[in-house]
Amino acid sequence: MMNMEYHNPVLLKETVDGLDIKADGVYVDVTFGGGGHSKEILNRLGEHGRLFAFDQDPDALENVLDDPRFTLIHENFRYVKRFLRFHGVKQVDGVLADFGVSSHQFDVAERGFSTRFEADLDMRMNQKNKLSAFHVVNEYDEEQLRQVFLHYGELRAAPAMARLIVEYRREQPIKTSGQLKTVLKKFLPPRHENKVLAQIYQAIRIEVNQEIEVLKEFLEQTPEILIKGGRLSFISYHSLEDRLVKRFIRNGMFEGEPERDVYGNFEVPLKKVSSLIVPTPEEVKANSRARSAKLRIAEKL
């Protein structure tokens, strides 16, 4: 039974349309969450189709779909190839991913993802992980904190923020979101408080969950697990993710340029399908989480 606390999936029709579903195909939804995208894939599959889904969050297990064609794998999608092989699957017809934090994770105060609630510093998508927001804020040295805020939050005040946190925690640990907000108050002007707080939280969350490393590992496996003509349909929510997805689709790399032949051509594993897709104003109005969503679709060459 699907838990409706997870709210509506973003770009539902467009994302699943992007997979160009074959009735008897094998598909993977690597960000199961509330199961909205998975349910739509199953609606379009025939009797002999298969759907595998991944989610590392124990809360997502509550939403498992009662369907013989469906298998939920309780693991991080960085291990997608390994666990598909464990289930006897080497290649699939399509992979769907809705990156970022689910509405459910934002709405459960004690998980510590949202700037709206007073909560312990946590932010772990997998509660078994040892690294939490508390550990990052209280145990990273000043340079490590500066790098986190600069690269993952794109915060210009990163050096000063890191210095202030290190000075404050000499007296006492920073245990809650409220404390962190108090420590960094001088960087939170009333007009831009929510925006800057969101950048701070994003930076810490990405570090806690190794989101950039996980995304890179996952993307590098996708050409291998897709059949020729298979599709990727990926939703990103911030520029760091979207940049990696865009570059990987374009040239199969995250940095630099691929080697060209004497004619200036180079081989790539994927080709872009359609231009960038973003939510309509109506969807954004109905689902605020959709506001920054960007959908990119690609096909295996």
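FYI, side chains are in, hydrogens and waters are out, and symmetry mates aren't considered; it's all heavy atoms of this structure.
Side-chain contact between Glu257 and Asn251 is present, with heavy atoms from C-beta onward closer than 4.5 Å. With a 4.5 Å cut-off on side-chain heavy atoms, Leu184 and Ile165 count as touching. With contacts defined as side-chain heavy-atom distances shorter than 4.5 Å, the pair Arg50/Thr71 qualifies. Counting heavy atoms from C-beta outward, Asp98 and Tyr237 have side chains that approach closer than 4.5 Å. Annotation: side chain of Phe149 is in contact with side chain of Ile200 (closest heavy-atom distance under 4.5 Å).
Taking the six-membered ring for Trp and thresholds of 30 and 60 degrees, Phe218 and Phe99 have ring planes more than 60 degrees apart, a perpendicular arrangement. Taking the six-membered ring where tryptophan is involved, the planes of Phe32 and Phe70 are tilted, since the angle between them lies from 30° to 60°.
Residue Asp29 comes nearest to Ser38 through the heavy atom pair OD2-OG, 2.8 Å, listed as atom of the first residue, atom of the second, then distance. The shortest heavy-atom contact between Leu72 and Asp55 is CD1-N, 4.4 Å. Between Leu270 and Lys300, the shortest heavy-atom contact is CD2-CA, 3.9 Å. Across all non-hydrogen atoms, the minimal contact from Gly36 to Leu12 is O-CD1, 3.7 Å. Annotation for Phe52 and His87: closest pair CE2-CB, 3.8 Å, computed over non-hydrogen atoms. When every heavy atom of Leu65 is checked against every heavy atom of Gly35, the shortest pair comes out as CD1-O, 4.2 Å.
Contact check on Arg231 versus Asp17 returns no salt bridge, with no Lys/Arg side-chain nitrogen under 4.0 Å from an Asp/Glu carboxylate oxygen. Using a 4.0 Å cut-off between charged nitrogen and carboxylate oxygen, Glu154 and Arg243 count as a salt-bridge pair. Ion pairing between a basic and an acidic side chain is recognised when a charged N comes within 4.0 Å of a carboxylate O; Glu241 and Lys294 show no such pairing.
Tested against Arg78 for a side-chain hydrogen bond (donor to acceptor under 3.5 Å, both in side chains), the candidates Gln56, Glu220, Gln221, Gln210 yield a single pass: Gln210.
Residue Glu267 qualifies as open at atom CD: its count of foreign heavy atoms under 6.0 Å is 12 or below. Gln172 CD: more than 12 foreign heavy atoms inside a 6.0 Å radius. Within a 6.0 Å sphere centred on CZ of Arg191, other residues, nucleotides and ligands contribute 12 heavy atoms or fewer.
A donor atom on one side chain and an acceptor atom on the other are found under 3.5 Å apart for Gln147 and Glu143. Side-chain contact annotation: Thr15 with Glu40, donor-acceptor N/O pair under 3.5 Å absent.
Under a 3.5 Å cut-off, the side chain of Gln127 and the backbone N or O of Asp57 do not form any donor-acceptor pair. Of the possible polar contacts, none joining the Asp93 side chain to the Tyr27 backbone as a donor-acceptor pair under 3.5 Å is found.
Going from atom CZ of Arg296 over to atom OG of Ser233 covers 12.0 Å, rounded to the nearest 0.5 Å. Note that OG of Ser292 and CD1 of Ile235 are 10.5 Å apart. Values are rounded to the nearest 0.5 Å. To the nearest 0.5 Å, atoms NZ (Lys272) and CD (Glu299) are separated by 14.0 Å.
Ile225 is connected to Leu215 through a chain of hydrophobic side-chain contacts under 4.5 Å among Ile, Leu, Val, Met, Phe, Trp and Tyr, so both are in one cluster.
Phe86 pairs by the ring-ring contact (aromatic ring centres under 6.0 Å, His included) definition with nothing, not counting sequence neighbours.
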